[in-house]
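In what follows, a single structure is set out as structure tokens and then discussed.
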2 protein chains.
Amino acid sequence: MTYRDFKKSVDQAKSDLYRETLARHPEAVRVKKEATAVRNLERIFAAALKVANEKGFAAMTLRDLSAATGMSMGALYAYFSSKEELLAMLQEQHRSVTRRILEQALDRRRDPMERLRAAVRIHLYLSEAMQPWFFFAYMEARHLPAAERKKSMESELATEKLFEDLMTEAVAAGALAPRDCRMAASLTKAMVQDWYLKRWKHAGRRITVDQYADAVLDAVESYGKATGH
Amino acid sequence: MTYRDFKKSVDQAKSDLYRETLARHPEAVRVKKEATAVRNLERIFAAALKVANEKGFAAMTLRDLSAATGMSMGALYAYFSSKEELLAMLQEQHRSVTRRILEQALDRRRDPMERLRAAVRIHLYLSEAMQPWFFFAYMEARHLPAAERKKSMESELATEKLFEDLMTEAVAAGALAPRDCRMAASLTKAMVQDWYLKRWKHAGRRITVDQYADAVLDAVESYGKATGH
DNA sequence: ATAAAAAGCGAGCGTTCGCTCGCTTTTTTG
DNA sequence: CAAAAAAGCGAGCGAACGCTCGCTTTTTAT
């Protein structure tokens, strides 16, 4: 699978996910018509990510958001009850999308090494298709209230644990040489995250996500072939 | 060299660097006695990093900083003329320390592969000794005014270029197999940065900076030994 | 076409922000 | 030890913040 195929399925799933977010926050969104609510939520989320990723969520004022969306202050507050709740909605939407896409992408494959390659590649593809979301979640995680921050950390550790388990399976199947799989998974995650954290750098070098995925997988497999000392 | 040896030399150099910062901002710091000025600048910088790394620099108020340092609002403003200048001073101090330590650590070594290992290891050691500074610089870079942000990006690219050049030398000397050295350097930098960005994770796993450095260097050398496809 | 319902609006509220300045306390000088 | 210089203090300023609510405009139902 290449990135182009992947992006279509993500775009297709997006409107469903906005509807779910609306269903999940019935007390906050006062707008009745679903079509209107979905359209404006998209505008709000897109504008919030754009502004917040430039100056930080704390520094983004609701007047900034009003200007960026073209909506008034009062209209904005029909979609969330406080700035803090907007933050929670953004984080939650991001986590649920990530979880769903990764799960459905892996359940078809059986071979351990193929599953490992797919996990790394899908994670990169998803972070490419939703770069503002991943950047935002990473940068704002520490400003969350304790309960939300815990969820964020658990989500991150779960991803890393997935890499680790797939590597352990690959070692058991003889596809990789024995290594400290937890450390290998941690280093892999760092390389994957760099793709969306330093996008300006990679874009400036005209590197595509497919090329980057090849390089990361190359590094993972090289590490798993050489004998540790 | 291990981390313990390294830390001593860094701590020793610190007071010198505070004096340089004072000399560099004579218009901002109104306090005359150098000893007093250095002592309070240390308090202010340490408190600012602590508070800002928890809630973000934008969300840190000067009343927070007053409480954390035990100094009054008026006293704080004897050391900087605006919150924005405090930010610039922190970034500048961080850059000058990094540049100096890295330069003086590399000029003794000759062998390309040894220089590469030293560069990675020293970078990790320095980020360990000054973790709050590195975390702060990374997280707040995008909130800087354009001129400062440019300096920050150049500093980062310079570090990566150093890795790349050392890898190119190592390939020329036959110590590493031919690869895309710029990509290899980029991936290496991502792994190095993860050490100070996700310190809570590594600390929870009781991993020392020496162990982490071994793992990163292991990955670099494995990547440089296997043949790319 | 007209009334009812829904959505959108933005001036204004209380609060908190970055920052100042007249004053007090501490330290240095002669 | 007194006078001068330096350092420290915190109430208060204008500006900008998150958020509300009475009102207007647009859409839907009859």
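In what follows, every chain begins at residue 1, and chains take the letters A, B, ... in the order their sequences are listed.
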OP1 or OP2 of D/dG8 under 4.0 Å from side-chain N/O of B/N40
yes

List the protein contact pattern of nucleotides 22-30 of chain D with one symbol per nucleotide (5' to 3'): B for base contact, S for sugar-phosphate-only contact, - for none; contact means a heavy-atom distance under 4.0 Å.
------S--

Tell me whether A/E160 is salt-bridged to B/K201, with the criterion being a basic N under 4.0 Å from an acidic carboxylate O.
yes

Could you walk me through whether B/Y212 and B/H202 pass the ring-ring contact (aromatic ring centres under 6.0 Å, His included) test, one step at a time?
CA-CA 9 Å; B/Y212 193 80; B/H202 303 301; 4.9 Å; yes

Report the C-alpha separation of B/Y3 and B/Y125 in whole Å, then their side-chain angles, then the decisive distance to 0.1 Å, and conclude whether the ring-ring contact (aromatic ring centres under 6.0 Å, His included) test is met.
CA-CA 6 Å; B/Y3 176 63; B/Y125 284 175; 5.6 Å; yes

What heavy-atom pair brings A/A47 and A/T69 nearest, and what distance separates the two atoms?
CB-CG2, 3.4 Å

Below 4.0 angstrom, N of the basic side chain to O of the carboxylate: do A/R100 and A/E20 qualify?
yes

CA sep, side-chain torsions, deciding dist, call: A/F135, A/Y138, ring-ring contact (aromatic ring centres under 6.0 Å, His included)
CA-CA 5 Å; A/F135 187 86; A/Y138 190 97; 8.1 Å; no

Can you list, in residue-number order, the parts of residues 54-88 of chain A that come under 4.0 Å of DNA chain C, counting heavy atoms only?
A/R63, A/M71, A/S72, A/M73, A/G74, A/A75, A/Y79

Between A/D214 and A/R121, is the closest basic N to carboxylate O distance under 4.0 Å?
yes

Send over the distance from A/R43 CZ to C/dG8 P, rounded to a whole Å.
8 Å

Is there a donor in the side chain of A/E140 and an acceptor in the side chain of A/H143, or the other way round, less than 3.5 Å apart?
yes

